[in-house]
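Here the structure is laid out as structure tokens; the discussion comes afterwards.
Atoms within a ligand are numbered from 1 in the order they appear, just like the ligands themselves.
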Amino acid sequence: MPIIKAALLGLGTVGAGVYEVIRNQQEQLKELVGAEVQVVAVLIQDTDKEREVEKDVLVTNNIQEILAIPDLDVIFESIVGAEPTNRYLDEAIEYGCHIITANKEMFAKHGEALLEKALENDVQIGFEATVAAGVPVIRTIQQQLQLNKIGRVQALLNGTSNFILTEMRKKQLPFAKVLKTAQSLGFAEADPTNDVEGIDAFYKIMILSQLIYGEQPEWNTVELKGIASVSEDKIYHSDGRYKHIAELEKVGDRIQATVRPIIVDEQHPLYSVEGVDNAVVLETSLAGAIMIQGPGAGSKPTASAMLEDFIHIFQDSKAAVLS
Ligand SMILES: NC(=O)C1=CN([C@@H]2O[C@H](COP(=O)(O)OP(=O)(O)OC[C@H]3O[C@@H](n4cnc5c(N)ncnc54)[C@H](OP(=O)(O)O)[C@@H]3O)[C@@H](O)[C@H]2O)C=CC1
Ligand SMILES: N[C@@H](CC=O)C(=O)O
């Protein structure tokens, strides 16, 4: 049986989820892609931490050791921040590896350039996990809405924010306590600033803008507020519900985007989307308004998006080899 050699960049909440799914669902993966998937290396930062990986897996903090492995087929990237990640992926594409990423900051900033480079090097990039984790928004837009023109987009794109707003309102709990729970559940980033200041949702709506309109608005024109700007009292006592909503629309030649907490009433499509769920409402020219909803953060939902990308990429390669 052929072997697909994989490396994981990052072995935190997301990377560990990917590793576990590959191990636990090896037989199904074999059937789906026609090859055995072997994780041969992981890149981490702290070499002193204990890692739950097989003994023959190379664990290193040096990307060059990974890119020196012969015949590496794919990299699953789930590290944090735009750099050095972008540089690592740029090199990995030159090496000839497919890339599957969950890193929205990196992808909002460098996704276009990496996609171009991937095309030149005949490899693919899967980025489903960069937006709404387990909810297949990217592939729905890429594959199921090709003839439709997408007008306005309204979305809940940060699982942590929706979880915090929901828990605070339902249980009248303080912000700091619920944020801790969101961190312990693997929803919030280790540094939760981007979650609660709206920056994480901003990166995600920029990725959607690039995908839908082929460009992003000037970043400094986007109104950006996070849930940290809302008082506890308002969250507990407002009529309606606070939701952290990202909106996107092309008006004439101009793309307009906002990312902010607003109060919605029960008529609003995002009113009933609660907890860690994300949802994206797409106004489409033929199908009408479509809403897609599901878990927007966490280890398994994110690993799900990355492994589904993996299957698409390697089923394509299998078809190419057979034809
Ligand atoms: N958590 C979630 O629900 C989701 C997260 N994401 C994105 O996925 C990525 C990972 O998130 P998550 O798993 O939660 O984060 P964690 O903080 O849990 O894990 C990050 C991992 O990356 C490693 N790492 C960080 N920086 C570097 C670096 N410069 N070089 C090598 N390794 C590095 C860390 O190493 P070490 O173990 O040594 O500290 C750790 O293993 C982020 O970009 C995040 O935005 C996307 C969707 C959902
Ligand atoms: N911290 C993020 C994780 C997924 O992207 C969130 O809460 O949405």
ask   = Any idea which atoms of ligand 1 are less than 4.0 Å away from a heavy-atom of Ala297?
value = 3 (O)
message = With respect to Gly159, determine whether any N or O atom, backbone or side chain, lies less than 3.5 Å from an N or O atom of ligand 2.
response = yes
message = Using a 4.0 Å cut-off to any heavy atom of Leu11, which atoms of ligand 1 qualify?
response = 21 (C), 40 (C), 41 (O)
message = Looking at Arg254 and Glu249, is there a salt bridge between them, counting it only when a charged N and a carboxylate O are closer than 4.0 Å?
response = no
ask   = Looking only at side chains, do Gln28 and Glu31 share a donor and an acceptor under 3.5 Å apart?
value = no
remark   = Heavy-atom proximity to atom 2 (C) of ligand 1 ranks first, among Gly186, Ala190, Ala82, for Gly186
Under 3.5 Å donor-acceptor, Ser209 side chain and Glu215 backbone = yes
ask   = Under 3.5 Å, is there a donor-acceptor pair between the side chain of Asp309 and the main chain of Glu128?
value = yes
query = Out of Lys104, Glu128, Met106, whose heavy atom is nearest to atom 45 (O) of ligand 1?
reply = Lys104
key: Per atom 43 (O) of ligand 1, closest listed option by heavy atom (Asn194, Val80, Ile44, Ile79)   = Ile79
key: Shortest protein contact, atom 5 (C) of ligand 1 (heavy atom only)   = Val14 CG2, 3.5 Å
key: Shortest protein heavy-atom distance from atom 18 (O) of ligand 1, along with the residue and atom involved   = Thr13 N, 3.0 Å
key: Charged N-O contact under 4.0 Å between Arg139 and Glu308   = no
key: Minimum non-hydrogen distance to atom 3 (O) of ligand 1, winning option of Ala16, Pro301, Gly298   = Gly298
task = Taking only heavy atoms of Ala129 into account, list the atoms of ligand 1 that are under 4.0 Å away from them.
result = 46 (C), 47 (C)
task = Give the numbers and elements of all ligand 2 atoms closer than 4.0 Å to a heavy atom of Glu189.
result = 1 (N), 2 (C), 3 (C)
Numbered atoms of ligand 2 (with element) below 4.0 Å of Asn158, judged on heavy atoms = 2 (C), 6 (C), 7 (O), 8 (O)
request  = Starting from atom 47 (C) of ligand 1, find the nearest protein heavy-atom neighbour and note its residue, name and distance.
outcome  = Thr302 CG2, 3.4 Å
task = Could you find the nearest protein heavy atom to atom 7 (C) of ligand 1 and give me its residue, atom name and distance?
result = Ala102 O, 3.3 Å
query = Atoms of ligand 1 less than 4.0 Å from Pro84 heavy atoms?
reply = 29 (N)
ask   = How are the rings of Phe127 and Phe107 set relative to one another: parallel (under 30°), tilted (30 to 60°) or perpendicular (over 60°)?
value = parallel
ask   = If you measure from each non-hydrogen atom of Arg51 to ligand 1, which part falls under 4.0 Å: side chain, backbone, both or neither?
value = side chain
request  = Using non-hydrogen atoms of the residue, decide whether Glu77 is closer than 4.0 angstrom to ligand 1.
outcome  = no
query = For ligand 1, is there an N or O atom under 3.5 Å from any N or O atom of Asp46?
reply = yes
ask   = Which atoms of ligand 1 sit under 4.0 Å from any heavy atom of Glu189?
value = 42 (C), 44 (C), 45 (O)
ask   = Hey, does Gly15 come in under 3.5 Å of ligand 1, counting only N/O atoms on both sides?
value = no
query = Taking non-hydrogen atoms only, is Glu105 closer than 4.0 angstrom to ligand 1 via side chain, backbone, both or neither?
reply = neither
query = Between Arg87 and Glu91, is the closest basic N to carboxylate O distance under 4.0 Å?
reply = no
ask   = Which is it for Asp200 and ligand 2 at heavy atoms under 4.0 Å: side chain, backbone, both or neither?
value = side chain
ask   = With only distance considered, is Tyr88 within less than 3.5 Å of ligand 1 through an N or O on each side?
value = no
Protein contact of atom 35 (O) of ligand 1 - nearest heavy atom, named by residue and atom, plus distance = Gln45 N, 3.3 Å
ask   = For Ser299 and ligand 1, does the shortest N/O to N/O distance drop below 3.5 Å?
value = no
